[in-house]
Every structure is written in C-alpha cells, then in structure tokens.
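Report on the structure given below.
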Amino acid sequence: MSLLKLNDLYKTVILEHARAPHHYGQLADVPATTLNNPTCGDVITVQVQVTAEKISRIRFSGQGCTISQASASVMTDVLSGQSVEQAQRLIQAFSKLVIGEKVAEQWTKQLGEAAVLGSVAEFPTRIRCATLAWHAAAQALGEIDE
Amino acid sequence: MSLLKLNDLYKTVILEHARAPHHYGQLADVPATTLNNPTCGDVITVQVQVTAEKISRIRFSGQGCTISQASASVMTDVLSGQSVEQAQRLIQAFSKLVIGEKVAEQWTKQLGEAAVLGSVAEFPTRIRCATLAWHAAAQALGEIDE
Amino acid sequence: MNISERRADFPILNTQMNGEPLTYLDNAATTQKPQAVIDAISQYYLHDNANVHRGVYSLAARATDQYEAVRDQVAAFIHAPQRESVFFTRSTTDSLNWVAQTYGEQNLQAGDEIVVTALEHHSNLVPWQQLAQRKQAQLKVIQLTSTGELDWASAQQQITDRTKIVAVAHCSNVLGVTCPIQKLARLAHQHGAIIVVDGAQAVAHQPVNVQTLDADFYAFSGHKLLGPTGVGVLYGKLALLQTLTPAQFGGEMISNVTWEHTEFAPIPQRFEAGTPNISGVIGLGAALTYIQQLGFAAIQTQERQLTAQLLNGLLTFPDVTVYGPQQVAQHGPVVAFNVDGIHPHDVATGLDLAGVAVRAGHHCAQPLMQVLQVPTTVRASVQFYNSAADIARFLAALQAVKEFFQQ
Amino acid sequence: MNISERRADFPILNTQMNGEPLTYLDNAATTQKPQAVIDAISQYYLHDNANVHRGVYSLAARATDQYEAVRDQVAAFIHAPQRESVFFTRSTTDSLNWVAQTYGEQNLQAGDEIVVTALEHHSNLVPWQQLAQRKQAQLKVIQLTSTGELDWASAQQQITDRTKIVAVAHCSNVLGVTCPIQKLARLAHQHGAIIVVDGAQAVAHQPVNVQTLDADFYAFSGHKLLGPTGVGVLYGKLALLQTLTPAQFGGEMISNVTWEHTEFAPIPQRFEAGTPNISGVIGLGAALTYIQQLGFAAIQTQERQLTAQLLNGLLTFPDVTVYGPQQVAQHGPVVAFNVDGIHPHDVATGLDLAGVAVRAGHHCAQPLMQVLQVPTTVRASVQFYNSAADIARFLAALQAVKEFFQQ
Ligand SMILES: Cc1ncc(COP(=O)(O)O)c(C=O)c1O
Ligand SMILES: Cc1ncc(COP(=O)(O)O)c(C=O)c1O
C-alpha cells in the first residue's frame with residue numbers, strides 16, 4: 001500500500017495536532033456545547049468565552065478520530081482572539097473549504113493550518129469528522145449572540 | 001387476430017353452456033354456498049340437495065364470465081345424480097384437470113363435457129374462473145357430510 | 001417525439017406475446033422500464049454496491065452519494081421546498097399507510113372526520129377506513145357527478161370543521177379524471193384539515209408542484225413512473241414531519257440508543273429505518289432523468305393524441321360503455337369501459353390472445369364499481385411510448401373479440 | 001469450491017478501489033451480487049414486467065408465477081411447513097417492526113415483559129423498546145459472558161412468566177457469535193412467550209430450519225444473502241399469523257371492500273399491501289438458487305477457513321483487541337476489533353486507501369458498544385467469495401496503517 005495516499009489526508013501538521021491538541025480541556029463557568037457524530041460515535045465539546053466582543057478563551061474536549069481531534073485543535077488556534085463576527089466568517093469559510101468549494105485567498109490565509117484540512121474534501125465520509133468541532137463552535141457563538 | 005386461439009379456450013360447448021346455462025336458479029329450503037373471485041368480482045352461489053346419499057337436485061346462480069358460468073353449468077350436469085363420494089372425486093379430478101395434471105381416463109370420461117374445460121390449463125389467470133363453482137359445490141357437500 | 005426511437009428505449013415493447021406484437025395497455029398498473037433504468041440498476045451492482053450511510057470506505061461513499069442525489073432529484077421533480085421533506089418508502093401504498101399510522105394515529109380523536117372521494121383506490125381508502133374504526137372517527141365520501149368528476153357541492157358538504165384529513169387521488173386510476181387538488185387543499189385548510197394526495201396516477205403524466213398544490217402529503221410509486229418496483233416516495237411539509245414519531249425503528253434512523261431510550265436522527269433519515277431499497281432508488285433516479293430529458297410537454301402531446309384515439313375509437317362502438325368523461329379534453333390516459341353482454345374477463349382474455357394487455361377487474365376500487373353499478377370493467381391505459389399502431393391494434397382486436405362472442 | 005470461478009461470478013470483486021484491487025470485507029453490511037442475480041432482474045424487466053396478482057393477460061401471469069415461485073423457494077430454503085407462512089417485506093427491519101406493530105400491539109399489556117439480548121442490532125431492539133414504552137411493558141436484557149456469548153443464567157433469570165416476547169439475533173453482526181435459538185425457544189415457550197428471531201446475519205452462512213429452531217417469527221433481508229436491496233422476508237407460524245390484523249392496507253390484500261368495511265384476502269396476500277418489490281423478489285429467487293447450487297457445505301468450509309485466517313491473523317498483532325470469542329471454533333464470519341491508540345475511523349480510512357473495505361462504527365449496536373466499553377470498533381466480515389489473498393491483503397494493509405499512525 002502506498003503511504004503517499006495516507007499522507008495526502010493525514011498531513012504531518014494534522015498528526016501533530018491530534019497527538020498534542022492545543023486548548024484541550026474545560027473552562028469552569030463557561031457554557032459547553034456538545035455535538036456528536038452518530039456514525040462514528042465521536043463526541044466533541046466546545047467552550048467559547050467572549051470578552052469585549054472577542055474570543056478571549058476557547059477550549060475543546062472529547063473523543064474522536066485523528067481528523068476530528070486535529071480539526072478541533074487547529075480551530076482553537078484560529079479562532080482565539082477573533083471577533084465573534086470574524087470567527088463566524090472563518091467557520092463558514094472552513095465549512096466551504098472542506099467540501100471542496102472555492103474560498104477567497106484572504107480566508108485560506110487566515111485559516112492558516114486549518115486550511116490543510118481542505119484535503120478532507122477528497123474523503124467524503126470524513127468531512128463530518130473535520131466539521132464537528134466547528135459546528136459546535138458556531139452553535140456556541142450563536143447562543144452567545146442571542 | 002387468429003380466432004383459432006379464441007376457439008382453443010372458448011369451445012362451442014362452453015359458449016353454449018354460458019349462453020343457456022343448465023340448472024340455473026335457486027332452490028327454496030336448501031342451504032346456499034357463495035364464493036367470490038376477488039380479482040374479477042365474480043360471485044357464484046351453489047345449492048346441493050342430497051337425498052339418500054345421492055345428489056337429487058343442484059342449482060347455481062350468480063354473475064360471472066363465460067368460463068365460470070359454463071363451468072358451473074356443466075358441473076351441475078356432471079354432479080346430478082352422483083353419490084356424495086363420487087361427486088367429491090369428480091370435483092377432485094376436475095381440479096387436477098384444469099391445472100394441467102394428468103387424470104385417469106375413467107375420470108375424464110365421467111367428467112364428459114366438463115373435461116373440455118381442461119383447455120383452461122393453458123390460461124393460468126382463468127383457472128380460478130373454471131374452479132369457482134366446483135369449490136363452492138365441494139364446500140356445500142362438505143357441510144352436508146358433517 | 002420520435003416514437004420509434006422512444007420505443008427502442010423500452011426493449012419489452014419490441015417483444016411478442018402469444019405470437020403477436022406485444023401491445024401493452026396496462027400502464028396504469030405498472031409502466032415498462034427504459035434500458036437506462038435497467039442499466040442503472042445493473043451498473044450499481046456491478047460497480048458501486050455497498051450499504052449506505054454507514055461505511056467510511058470509498059465504495060460506501062459512492063453508494064451513499066448516488067442514493068442521496070436521487071433525493072435531490074425527487075425534491076426538484078415535485079418542486080419540494082427542501083430535500084428533507086422527501087423520503088423513500090416501498091410504494092404509494094406504503095407512503096399512504098405511513099401517513100395514517102403516524103399523522104393519523106397521533107392526531108385523530110373520536111368524533112373527528114376523514115374525508116375521501118368516491119373514486120379512491122383501496123390504498124387511499126382502506127388505511128383511512130381502518131384508522132377511522134380504530135379512532136371512532138367518521139369516514140365521509142365526496143360523491144361524483146354523472147361524468148365521474150368530483151362533485152364540488154358534495155366536497156363542500158362533506159368537508160367540515162370536524163374534518164381532520166382529506167385524502168384524495170390526484171388522478172383516478174379508473175375514470176381518467178383529475179381532481180382539483182389546489183381547490184380541495186384550500187377548502188381543507190379553511191376547515192383546519194390537512195390534505196393527503198395520492199399521486200400514483202399523476203406523476204408520470206404531468207408536472208407536479210407540491211407547493212402550488214399546497215399538498216400536506218404527496219405519495220407516489222416508482223414503478224408507475226418508469227422506475228423499478230419496491231420504491232415509493234412520500235413528500236410531507238417539513239413542519240408536519242417534524243411533529244411526527246417514526247412508524248418504524250432500527251438501523252441508521254437513530255442518533256443515540258441506550259437500553260432505555262432512543263434519540264432519533266434528523267429528518268429525513270429518521271423516517272428511513274433499516275437498509276433502504278438502494279438499487280431501487282438509483283433506478284428511480286434514472287427514470288426521472290429519462291422523463292426530464294423527454295420533458296412533460298412532449299409526453300403530454302403524445303399522450304393526449306393516444307388518449308383521443310383510444311377514447312374516440314371506443315366511443316364509435318355502439319355497444320361499448322365508457323365510464324367517466326366522454327370528452328378527450330377532460331380525459332387522462334386511463335379509459336375504463338365495458339362491452340354489452342361480454343364479461344370483462346372474456347374481453348381481456350380475447351385481447352390477450354391478440355397480444356394486447358389490458359386489465360379487467362375492479363382496479364382496486366371496489367366501492368367505485370358499486371357507484372358505477374358494475375361488478376368490474378375493462379381498462380386500457382396509455383403511456384407516451386405507446387404508438388398509434390398500438391391503439392389501432394387494440395381497437396381491431398376488440399372488434400374481433402366482439403364478433404367472436406356475439407357470433 | 002473453485003474460488004476463482006466463484007469470484008468471476010461477482011463482477012465487482014474484480015474491480016479496483018483507490019488504485020488497488022477491491023478487497024470487500026464489509027459483507028455483514030451487505031453482500032455483493034452474482035451476475036445471475038443482476039441478470040434475473042434485468043431479464044424480468046426486459047421480458048416479463050407486469051403487475052402481479054392483477055392482470056388476466058399472459059404477461060401478468062408470467063410475472064405472478066415467477067413472484068409466487070420465489071415464495072415456494074423461500075419456504076423450502078428455511079424449511080417452513082407451508083408457503084403461506086412466508087411473506088415479503090422491505091427488509092429485516094421492516095419484518096421485525098411488523099411483528100412489533102401487529103403481534104406486539106395486539107397482545108401486549110401493561111406490566112408484560114419483552115426480553116432481548118445485549119448483542120441486538122438496533123433493528124431488533126428499538127422496535128421493542130418503543131413498543132414497551134407505548135404499552136408500559138418492561139424491556140429486559142439477557143447479558144453476555146466475557147467472551148460475548150449469551151449468558152444462559154441471565155437468560156433463565158430474565159425470561160419469566162410475565163415475558164410475552166423474546167427477541168433475539170440468530171447470529172451477532174458484531175461479535176460473530178451464534179445464539180442458541182432452539183434452547184431459547186424452549187425456554188420462551190415454557191413461559192408462554194413467543195420467540196422472534198432476527199436471522200439477518202444467519203441465513204447466508206448456515207442452513208436454517210425454522211421448524212427445528214421452533215421460531216415463532218423469523219426475519220431476514222435479501223441484500224445480505226446475495227440478493228437485491230428492498231426485499232425482506234418474514235416467516236411466521238401460520239396459527240399466529242391467522243390471529244393478526246394486517247399492519248398495512250390497500251391494493252390486492254383485500255377480498256371485499258365497501259365504504260364501511262373491508263374483508264381481507266387469505267394469508268399471505270393479506271400481509272402484502274400494494275405492489276410488492278416484484279423484481280426484488282425475483283432477484284432474491286436467483287440468489288437462493290445460486291446458494292443452493294453451491295450448497296452450504298462448500299460455503300461453510302470456505303468461510304471457516306477465511307474466518308480462521310482473519311481471526312488468527314488479527315490475534316498475532318499484540319496491540320489489537322478482538323471482541324467476542326477468541327477461538328475460531330466459536331466464531332462466525334464477522335470479527336470486530338480495535339487497534340490500540342488508533343481510532344477505528346482512521347483504521348478504516350487507511351485500509352480503504354489500500355482498497356480494503358471494512359466498517360468502522362457502532363454497527364447499529366450502540367448499547368453493545370457500551371457493554372464492550374468502547375465508543376466504536378472496526379469490523380471485518382467475510383463471505384465465501386472472499387479469497388485467502390483478500391485476508392492477506394487486509395492483514396498487510398493493517399500492518400502498514402499501524403506503522404503509519406504509530407510512526
Ligand atoms: C443482526 C442484524 N439485524 C438486523 C439488521 C437490519 O437489516 P436491514 O438493514 O436489511 O433491515 C442487520 C443489518 O444491518 C443485522 O446485521
Ligand atoms: C390511484 C392509485 N393509488 C394507489 C395505488 C397503489 O400503488 P402501489 O401498488 O404502487 O402501492 C395505485 C396503483 O395500483 C393507484 O392507481
């Protein structure tokens with residue numbers, strides 16, 4: 001079997017994030033949003049704290065495959081410090097990227113390491129793994145907004 | 001269209017019986033057995049009177065196609081005067097004949113005109129039409145026996 | 001429409017029956033299938049077969065994508081506002097029973113009314129009759145005019161504020177009439193009832209827009225639409241579907257299961273318990289593609305011509321009675337008739353020997369037969385792939401059959 | 001068995017996936033189909049397509065004869081005492097839900113008990129759980145031993161005189177174990193309960209005799225038995241079936257319909273409402289013929305060898321955990337496992353890139369996952385048409401995937 005193909009999906013940056021995820025853990029006193037992927041049983045919990053319209057702290061926790069863990073980890077990097085509006089735009093851009101839609105360069109730049117997960121577009125059954133944390137974050141932000 | 005093929009099924013004797021059925025009508029004071037063919041909506045009522053172990057009177061009535069009317073008519077001819085046991089054997093023989101099974105010559109002889117209905121075996125969707133009256137007679141005889 | 005090219009798409013139309021060219025005029029019972037549909041099923045099994053919604057591997061993704069693409073296609077075909085409001089069943093019968101078992105079971109009270117019409121197929125009558133019995137509700141029937149069309153005065157009388165469900169065929173499978181769904185929907189909604197439409201005889205013959213019709217539920221079968229057997233569709237308004245508990249449980253219709261409790265998956269998966277008819281759905285997709293490529297304009301032109309030839313041909317026989325409208329303008333592609341003094345079964349057998357397939361019987365509409373005061377009828381029904389020669393052969397064979405029995 | 005000849009019967013097995021030979025090891029989800037089955041479906045549509053049980057004409061008789069012949073074939077295949085005790089459904093899930101909706105709905109009282117086992121598929125768990133909720137009955141669970149087999153002491157404890165229904169899988173779709181149906185049936189019957197057997201994972205792998213098993217109901221799917229999707233079977237003891245009101249109404253399941261009342265047709269037509277999956281049933285017939293020609297002796301010899309190679313191969317990896325029995329003698333053709341530190345989804349994706357199709361997930365048995373204390377597992381399952389080379393490719397790919405993730 002050609003390991004090249006595995007490398008297409010599991011880029012080094014993804015493997016590293018999955019092995020040592022950033023912002024993993026729980027915040028006291030911040031509401032938690034939990035989503036699950038019914039097909040694989042993965043569960044991701046995301047907590048977002050917004051101070052002065054900006055994401056001041058973000059954490060995730062839960063069980064999952066390499067893709068969902070890595071995606072959650074890079075997401076926390078990308079969203080930290082962003083305004084709520086900007087974060088929502090980034091989440092939208094990411095959602096497009098992983099289903100193979102074109103995204104303006106300004107967004108891929110800002111998505112940084114997360115843009116690497118665009119490779120998941122070629123693995124349709126894994127897209128849900130990549131988006132799980134981002135959907136949870138979107139939901140968390142939506143609830144803050146209200 | 002070749003009328004020859006229609007002649008295969010609708011032999012002259014069948015057409016004649018259908019046009020002027022024998023023993024058509026109802027008997028007072030004799031229990032009636034009614035069966036219907038759910039596919040075509042045909043309904044046949046048969047009445048059998050048994051005196052001294054022999055079929056003394058038999059009548060049929062109801063609506064139906066050429067095959068079911070003719071079959072009922074020839075049946076009344078064949079069964080009249082027979083012992084209950086002999087009638088039941090004849091009904092069995094007829095049931096075999098119309099599904100194309102081999103029947104001993106003694107039976108085809110006794111079935112007389114009814115044996116002509118053996119041609120229905122080649123028209124599987126019409127077999128139920130041919131057997132409706134005979135099933136009703138079998139049921140009527142069964143109930144007498146008890 | 002190039003009719004001989006179209007007929008070449010349906011290989012069975014070029015076979016023989018009883019030594020004569022097959023003249024298939026029982027299209028209302030089930031349509032024939034184009035090679036494209038047969039091939040789609042074979043190709044699926046030859047290249048893409050895997051269970052859907054389950055596997056991580058590429059083959060499973062391929063099967064799932066094809067299956068889900070047909071949901072989009074069906075939603076577009078009937079102009080559903082969103083793909084989620086469409087799910088796959090076994091048949092029209094399955095779809096209609098589903099509505100009775102979920103919406104009916106969950107909403108009806110003793111004393112409520114269900115209204116059907118006098119021309120309903122058993123599949124859109126018996127589920128409601130049985131539901132009414134279970135619920136001590138009342139089943140009411142909208143009567144027909146003398147030409148077999150819906151009697152609007154009767155509709156206004158039967159549909160009341162007690163009515164909870166109006167169940168009606170979009171097109172009759174016997175009389176060839178089309179019911180005024182939009183008007184009925186308005187009337188039903190004015191009284192706070194929902195309208196359930198049996199589209200079995202409509203979807204192959206006219207564009208259907210469930211939003212314009214304002215149907216609450218719309219049911220049909222693949223096999224009457226050039227598609228395979230074993231696949232049906234139910235459309236429901238999303239807001240209604242969201243209120244309903246599933247009728248069946250198991251497989252991938254769940255989002256979380258413990259011994260004590262089950263959380264259901266989102267709509268529409270919630271309503272598709274167990275492995276669906278994957279190849280059937282993919283075959284249905286190929287059928288819709290075929291129809292969309294032809295276009296309903298061409299289909300309707302051809303079917304109107306065939307219906308005119310059929311109806312007018314039958315009306316020239318003095319001893320033939322046609323049930324339903326006598327004018328082509330009001331007549332769909334289904335014509336029921338009887339010949340004086342010849343039983344429908346004998347007519348059908350005679351025609352069969354001439355290679356002509358028509359149906360004789362009650363057409364799963366026994367109560368309508370009582371309204372028409374006949375035990376049964378003969379029924380000839382056309383599809384765009386029939387030719388003028390088909391109708392001519394049918395009429396000639398009918399003449400011969402008449403002569404034989406009336407000799 | 002000449003394995004390369006058999007593989008040639010299944011065209012998809014000779015295709016490529018992700019640039020590698022397709023190694024299909026998700027047979028427990030759905031089997032591949034031999035050319036004979038694909039052809040039977042095509043031939044039906046090319047030559048014999050008509051609606052069944054309805055038409056007087058020859059084409060309809062041909063379709064009906066073929067359809068009804070498969071009923072005889074199924075009855076013989078599972079050794080049913082009579083053809084009438086077999087009817088066609090959409091799937092195992094449909095069959096099991098049918099029993100819950102008819103027998104369950106018509107016989108259960110508050111306080112009664114339904115007993116299932118800890119290894120049930122959602123399709124043989126959720127219908128009973130929901131029925132229990134509707135009826136205020138209690139759902140009880142027979143536990144497993146540490147090797148995943150049925151704990152007989154638990155069975156004896158859970159099945160009591162209050163038990164009305166025991167619902168159990170003949171073979172597990174996760175653990176590869178076979179449940180002692182005959183013994184369970186005796187126990188259930190001693191307590192006056194019926195036993196409902198989910199045969200989805202059994203019928204393709206062993207001869208089934210519903211009379212020897214003394215099953216009251218036995219359900220399975222065509223698509224797990226080389227047949228098409230969209231067709232299932234339910235066998236029921238005739239005496240039980242005769243007591244049941246149909247779950248669905250319409251079409252030819254009637255013998256007489258008036259506005260007020262419906263008389264149902266005799267069994268089994270009574271339970272087949274609407275146009276059935278005719279081509280699906282005919283395809284199932286071709287699948288049964290294929291299996292009967294091969295014979296279960298040959299099938300079981302081949303599958304035992306493959307299972308031994310698979311199970312023993314997996315057990316050589318020190319970091320692989322196999323769930324269920326660790327001995328081939330107790331093991332059916334389904335093996336669930338996990339690799340330390342690698343998520344099942346990542347394993348399945350890695351294998352997929354090597355052309356190997358296995359399933360990762362909860363296998364529609366979430367409560368069993370909780371018993372096993374894992375969120376999900378990988379599952380490889382074999383069918384007689386797999387080759388030793390398939391298993392070798394799978395094991396080599398697994399080694400490579402392990403190395404990649406553990407690098
Ligand atoms: C043990 C078992 N029961 C039931 C089912 C459900 O079968 P289907 O999806 O064909 O209804 C399956 C397969 O998914 C199974 O493995
Ligand atoms: C008007 C109408 N409704 C319902 C049905 C039932 O369709 P199916 O048998 O495909 O469930 C039919 C066809 O038989 C029909 O013509």
Check each atom of [X] against the heavy atoms of chain C and say whether the ones under 4.5 Å are side chain, backbone, both or neither.
X         : value
Gln32(D)  : both
Gln35(D)  : side chain
Phe88(D)  : neither
His223(D) : side chain
Ser279(D) : both
Thr31(D)  : backbone
Asn124(D) : neither
Leu59(D)  : both
Asn18(D)  : side chain
Ala100(D) : neither
Asp48(D)  : backbone
Gln129(D) : side chain
Ile254(D) : side chain
Pro228(D) : both

Enter the distance from [X]:[atom1] to [Y]:[atom2] here, rounded to the nearest 0.5 Å.
X         : Y         : atom1 : atom2 : value
Gln366(C) : Glu263(D) : CD    : CD    : 9.5 Å
Asn256(C) : His362(D) : CG    : NE2   : 8.5 Å
Thr229(D) : Tyr45(C)  : OG1   : OH    : 3.5 Å
Phe249(D) : Gln130(C) : CZ    : CD    : 4.5 Å
Ile38(C)  : Leu46(D)  : CD1   : CG    : 4.0 Å
Arg90(D)  : Ser91(C)  : CZ    : OG    : 10.0 Å

Report the option among [options] that has the most heavy-atom pairs separated by less than 4.5 Å from atoms of chain D.
options                                 : answer
Leu22(C), Asp94(C), Thr92(C)            : Asp94(C)
Thr93(C), Asn49(C), Thr262(C), Val56(C) : Asn49(C)
Ser58(C), Ala132(C), Ala273(C)          : Ser58(C)
Val231(C), Leu13(C), Val141(C)          : Val141(C)
Pro344(C), Gly251(C), Pro276(C)         : Gly251(C)

Quick one: which of [options] has the most heavy-atom pairs under 4.5 Å with chain C, could you say?
options                                   : result
Thr15(D), Ile278(D), Val37(D)             : Ile278(D)
Lys224(D), Gln370(D), Glu260(D)           : Glu260(D)
Ile12(D), Thr275(D), Val281(D), Val126(D) : Ile12(D)
Ala348(D), Pro11(D), Pro127(D), Ala247(D) : Pro127(D)
Thr89(D), Asn14(D), Thr258(D)             : Thr258(D)

Show the nearest heavy-atom pair for residues Tyr24(C) and Ala50(D), with the distance to one decimal.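 The pair with the smallest heavy-atom distance is OH-CA, 4.4 Å.
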Closest contact, heavy atoms only, Arg359(C) versus Glu252(D):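 Distance-wise, the nearest heavy atoms are NH2-OE2, 3.2 Å.
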Under 4.5 Å between any side-chain heavy atoms of [X] and [Y], yes or no?
X         : Y         : result
Trp259(C) : Leu125(D) : yes
Ser42(C)  : Ile41(D)  : no
Asp26(D)  : Asn51(C)  : no

Could you please spell out the steps behind the side chain to side chain contact (heavy atoms under 4.5 Å, CB included) verdict for Gln248(C) and Gln101(D)? CA-CA 9 Å; Gln248(C) 294 198 330; Gln101(D) 269 163 35; 4.1 Å; yes
Pick one of side chain, backbone, both or neither for Asn97(C), based on which atoms fall under 4.5 Å of a heavy atom in chain D.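 Side chain only.
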